[in-house]
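I have placed the structure first, in the form of structure tokens, so that the comments after it can refer back to it.
Nothing here was measured: the structure is a model prediction, and the numbers come from that model. Residue indices begin at 1 and follow the sequence shown.
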Amino acid sequence: CLGCRSCEQVCSFHDSGGFKRGDTNIWVHIDLDQRSISTMTCQQCETALCLEVCPTAALGRDSETGAVIVDETACVGCKMCVHACPFGCIHFEGRRRVAAKCDLCSGNPKCVQNCIAQALHYGDINDLAAYKREKLTRG
């Protein structure tokens, strides 16, 4: 990751039509003191606490991608899912007054497509671990 934040920009534009960092579902953390850059987005947890606490069943699982998705028509904006997420990856979208999170762009994440450093990858966790090991051995 180069810290360019293009993933945040494309996510924000795809989700809300604008370029506000508060509207993105992926976050880049740059720590100059530690000289580290990391990204964070929804982990699409197998046991998704956000999904379990939703009183209106506004959160569900996409059968094709496995992503936890928000049905904005059913969301009442109670923020219980926001508080339940152990990673802080679901947030309240103030303009629409609903929960918002990564939905994997229907299985074709725009952040991954637009990462100029090719630091982001999308796939099965076991395949990604093998990919990382292979990349490290190649140098």
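- Remark: R97 pairs with no residue by the salt bridge (Lys or Arg N to Asp or Glu O under 4.0 Å) rule, at least two apart or across chains.
- Closest approach of A74 to T56, counting heavy atoms only: O-OG1, 3.0 Å.
- The side chain to side chain donor-acceptor pair (under 3.5 Å) test applied to S63 returns no partner, not counting sequence neighbours.
- The backbone N or O of K110 lies less than 3.5 Å from a partner atom in the side chain of N114, making a donor-acceptor pair.
- Side-chain contact check for V70 versus D103: every heavy-atom pair is 4.5 Å or farther apart.
- In the hydrophobic clustering of ILVMFWY residues, with side-chain heavy atoms under 4.5 Å counting as a link, V98 and V76 come out apart.
- Legend: ring pair (Phe, Tyr, Trp, His ring centres under 6.0 Å) pairs involving residues 44-76, not counting sequence neighbours: none detected.
- Atoms SG and CG, on C115 and L2 in that order, are 7.5 Å from each other to the nearest 0.5 Å.
- For the pair C1 and A119, the tightest heavy-atom approach, listed with the atom from each and the gap, is N-CB, 3.4 Å.
- Here the straight-line distance linking atom CZ of R61 with atom SG of C45 works out to 8.0 Å at 0.5 Å rounding.
- Annotation: ring pair (Phe, Tyr, Trp, His ring centres under 6.0 Å) contacts involving residues 50-75, sequence neighbours excluded, are absent.
- The shortest non-hydrogen separation linking T73 to D71 is OG1-OD1, 2.5 Å.
- In this structure a side-chain-to-backbone donor-acceptor pair under 3.5 Å is missing from E52 to T47.
- Applying the ring pair (Phe, Tyr, Trp, His ring centres under 6.0 Å) test to every pair with at least one member in residues 43-89, sequence neighbours left out, gives no pairs at all.
- Residue A48 comes nearest to V68 through the heavy atom pair CB-CG2, 3.9 Å, listed as atom of the first residue, atom of the second, then distance.
- Between K101 and C89, the shortest heavy-atom contact is CB-O, 4.0 Å.
- Once rounded to the nearest 0.5 Å, the distance linking CD1 of I90 with SG of C85 reads 7.0 Å.
- When the salt bridge (Lys or Arg N to Asp or Glu O under 4.0 Å) test is applied to E8, the partners found at least two apart in sequence or on another chain are R5, R21.
- Summarising the geometry, atom NE2 belonging to H29 is positioned 12.0 Å from atom CD1 belonging to I37; distances are rounded to the nearest 0.5 Å.
- Under the 3.5 Å distance criterion, the side-chain polar atoms of S12 are matched with a main-chain donor or acceptor of G18.
- C7 SG to I26 CD1: the interatomic distance, rounded to the nearest 0.5 Å, is 4.0 Å.
- Evaluation of the salt bridge (charged side-chain N to carboxylate O under 4.0 Å, His left out) test over residues 32-48, restricted to residues two or more places apart or in two chains, returns none.
- Distance alone, capped at 3.5 Å, places no donor-acceptor pair between the Q118 side chain and the I116 backbone.
- Remark: E72 pairs with R96 by the side chain to side chain donor-acceptor pair (under 3.5 Å) rule, at least two apart or across chains.
- The heavy-atom pair separating V82 from F92 by the smallest distance is CG2-N, 4.0 Å.
- Under the side chain to side chain donor-acceptor pair (under 3.5 Å) criterion, H91 pairs with N25, not counting sequence neighbours.
- Listed by chain and number, the residues in a side chain to side chain donor-acceptor pair (under 3.5 Å) with S16 are D23 (sequence neighbours excluded).
- In this structure, I69 shares a hydrophobic cluster with no other residue, the cluster being traced through Ile, Leu, Val, Met, Phe, Trp and Tyr side chains under 4.5 angstrom apart.
- Shown here are the side chain to side chain contact (heavy atoms under 4.5 Å, CB included) partners of F19, two or more places apart in sequence or in another chain: Q9, F13.
- Rounding to the nearest 0.5 Å gives a distance of 12.0 Å between CE of M40 and SG of C102.
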